[in-house]
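Here is the structure we will look at, set down as structure tokens.
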Amino acid sequence: MAASSSLQSIDTLILGAGAAGLFCAGVAGQLGHRVMVLDHAKKPAEKVRISGGGRCNFTNIHTRPDRFLSQNPHFAKSALARYTPFAFMDLLTTHGLTWHEKTLGQLFCDEKSQAIIRVLLKEVEAGQGKVELGVTVLEVVKTAEGFRVETSIGTIRAKHLLVATGGLSIPKMGATGFAYDLARQFDLSIIPPRAGLVPFTFEGQPKEEFAQLAGVSCPIGVHAGAAHFNEAMLFTHRGLSGPAMLQISSYWQEGEAIEVDLFAGEEGAALFKNLRDQYAKKSFGAVFEKYFPSRLAALLGEKGIIPAAAKLGEMSNRQLEDIAHQLSHWQLTPSGTEGWRTAEVTVGGIDTDELSSKTMEAKKVPGLYFIGEAVDVTGWLGGYNFQWAWASGWAAAHALRFQ
Ligand code: FDA
């Protein structure tokens with residue numbers, strides 16, 4: 001698309017009207033900067049709208065740096081410490097919004113997610129910021145005064161350029177690799193992006209077996225390398241999903257096995273021995289079904305992993321210990337993940353070594369900032385990614401210089 005000939009000058013140009021871009025625009029505008037936000041999408045913050053099943057899990061009260069993945073685990077500390085979940089809760093309160101904690105510190109809006117988008121837009125308005133949607137960014141050029149950005153609505157000159165165009169997850173919702181392309185243009189390194197918080201896929205026999213169990217969910221423990229989560233697992237037609245699998249997917253490396261513990265950290269052998277004392281005359285299968293989904297029990301019986309017909313009272317300690325061991329060390333090797341189509345986040349992104357952890361400014365390119373998911377900081381499932389969007393946006397907004 002050819003740029004029109006109009007020319008605008010602004011203090012701060014933010015690319016991407018998602019969570020990080022809009023929030024940062026509100027803060028910067030209210031600090032006195034003239035701010036403009038551009039997005040190629042026709043609507044702002046589409047991911048906020050669909051997040052949290054439509055109720056936006058906007059933060060997590062247990063936010064801590066160790067709940068984020070990054071090549072540099074220390075990078076997120078400063079921003080997360082300076083803008084906390086409680087600060088965002090205060091902001092929502094001033095707009096009359098209420099919320100509830102669902103589980104594990106995850107805060108969800110009582111209203112639909114659209115209420116959060118309204119708050120973000122009102123904050124931008126309060127700082128007299130402008131949001132322009134449906135705009136194509138054609139070229140970014142560094143100038144002596146700052147940046148010249150050629151767009152489908154004309155040339156925009158800005159002292160500061162903030163890149164908040166997110167990661168690669170869900171291209172159908174407008175995700176692009178713009179931030180990475182721009183980083184490459186300025187010779188900034190990138191940690192290779194990969195899909196995170198994403199269901200696993202399997203091939204062959206496990207795929208067929210899991211498809212038989214599609215819709216079955218149970219609490220489990222799961223390990224990949226040093227990472228470990230105790231949450232629910234869901235069988236799907238393509239493989240495994242549910243919070244436990246989404247969480248571990250961010251840590252999983254292609255080709256690696258994951259280990260599932262069907263007892264979710266409980267002592268399986270001790271449980272079986274107790275059950276044997278209580279139900280000596282019953283079959284192992286009948287008792288097993290009291291604790292595990294019956295369709296899962298049936299499959300494990302068919303595979304000969306559990307002796308469904310055996311009388312519990314006749315089973316030896318050794319037998320019970322062996323079965324418990326198998327069920328708590330179930331090794332599975334996913335063939336892959338559902339990829340960008342369904343991934344909730346992108347792991348990797350702009351290398352944090354290139355950025356100041358206090359300001360998000362590129363060390364090599366004064367005036368250029370990266371915030372939100374574009375950066376190699378990825379939160380766990382449960383509101384952590386929005387908290388990073390708010391905190392990194394806040395840090396950058398407070399770092400902008402008045403010239
Ligand atoms: P975000 O992706 O929000 O915004 C980027 C913006 O840039 C978009 O508006 C896009 O259109 C625009 N853009 C991209 N390329 C461009 C280009 N070339 N030119 C111009 N504009 C461009 N997190 C959480 O904490 N709690 C939750 O409940 C959920 N739920 C959830 C559900 C689903 C289905 C998904 C996919 C993701 C979540 N997340 C989440 C993750 C969360 O949505 C995500 O981490 C943040 O939206 C990231 O905010 P950013 O502003 O960095 O990117």
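Atoms within each ligand, like the ligands themselves, are counted from 1 in listed order.
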Checklist entry - Cation-pi between K159 and F147: NZ/CZ under 6.0 Å from ring centre and within 45° of the ring axis? => result no
Checklist entry - Taking the six-membered ring for Trp, are F235 and W330 parallel (under 30°), tilted (30 to 60°) or perpendicular (over 60°)? => result tilted
Checklist entry - Is there a side-chain contact between W380 and Y251 (heavy atoms, below 4.5 Å)? => result yes
Next on the checklist: Taking the basic N atoms (NZ, or NE/NH1/NH2) and the acidic carboxylate oxygens, is any pair closer than 4.0 Å for E354 and K364?
Outcome noted: yes
Item to check | Distance filter under 4.0 Å to G372 heavy atoms, resulting ligand 1 atoms | outcome: 52 (O)
Next on the checklist: List ligand 1 atoms under 4.0 Å from N385, heavy atoms only on the residue side.
Outcome noted: 23 (N), 25 (O), 45 (O)
Checklist entry - Looking at H33 and T12, what are the two nearest heavy atoms and their distance? => result CB-OG1, 4.1 Å
Checklist entry - Can you name the one residue among W390, F386, F23 that meets ring-ring contact (aromatic ring centres under 6.0 Å, His included) with Y83? => result F23
Checklist entry - Can you tell me which residue and heavy atom of the protein come closest to atom 48 (C) of ligand 1, and the distance to 0.1 Å? => result E373 OE1, 3.4 Å
Item to check | ligand 1-proximal atoms of N57, by part, heavy-atom distance under 4.0 Å | outcome: both
Item to check | Numbered atoms of ligand 1 (with element) below 4.0 Å of A41, judged on heavy atoms | outcome: 11 (O)
Item to check | Protein residue, atom and distance nearest to atom 22 (C) of ligand 1, heavy-atom basis | outcome: H40 CD2, 3.3 Å
Checklist entry - For A19 and ligand 1, does the shortest N/O to N/O distance drop below 3.5 Å? => result yes
Checklist entry - Does S169 reach ligand 1, in the sense of a heavy atom lying below 4.0 Å from it? => result no
Next on the checklist: Tell me whether the rings of F200 and F202 are parallel (<30°), tilted (30 to 60°) or perpendicular (>60°).
Outcome noted: perpendicular
Next on the checklist: Check contact between A175 and ligand 1, using heavy atoms of the residue and a distance below 4.0 angstrom.
Outcome noted: no
Next on the checklist: Tell me the protein heavy atom at minimum distance from atom 34 (C) of ligand 1, and give that distance in Å.
Outcome noted: I50 CD1, 3.4 Å
Checklist entry - To which protein heavy atom is atom 47 (O) of ligand 1 closest, and what is the distance rounded to 0.1 Å? => result F386 CE2, 3.4 Å
Next on the checklist: Between R318 and D322, does any NZ, NE, NH1 or NH2 come within less than 4.0 Å of an OD or OE carboxylate oxygen?
Outcome noted: yes
Checklist entry - Name the one of E208, E209, K207 that satisfies side chain to side chain donor-acceptor pair (under 3.5 Å) with Q205? => result E209
Item to check | Flag side-chain contact, heavy atom, 4.5 Å: I306 against L327 | outcome: yes
Item to check | Student check: side-chain heavy atoms of S328 and E259 closer than 4.5 Å | outcome: no
Next on the checklist: Among all the protein's non-hydrogen atoms, which is closest to atom 53 (O) of ligand 1, and how far away is it?
Outcome noted: G166 CA, 3.5 Å
Item to check | Shortest reach to atom 35 (C) of ligand 1 by a heavy atom, considering only E46, K42, M173, E344 | outcome: E344
Checklist outcome for this item: closest protein heavy atom to atom 51 (O) of ligand 1 is A20 N, 2.8 Å
Checklist entry - Is ligand 1 under 4.0 Å from a heavy atom in the side chain of S51, in the backbone, in both, or in neither? => result both
Checklist entry - Who's the nearest protein heavy-atom neighbour of atom 12 (C) of ligand 1, and how far? => result D39 OD2, 3.1 Å
Item to check | Residue pair K122 / H95, side-chain heavy-atom distance below 4.5 Å | outcome: yes
Item to check | Residue part near ligand 1, for Y384, under 4.0 Å between non-hydrogen atoms | outcome: backbone
Item to check | Proximity to ligand 1 by part of F178, non-hydrogen separation under 4.0 Å | outcome: side chain
Checklist entry - Going by heavy atoms in the side chains, are L80 and T63 under 4.5 Å from each other? => result yes
Checklist entry - Nearest protein heavy atom to atom 15 (N) of ligand 1, by residue and atom, and its distance? => result T176 OG1, 2.6 Å
Checklist outcome for this item: Numbered in order shown, the ligand 1 atoms found under 4.0 Å of a heavy atom of I170 are 36 (C)
Item to check | Heavy atom of L15, distance to ligand 1 below 4.0 Å | outcome: no
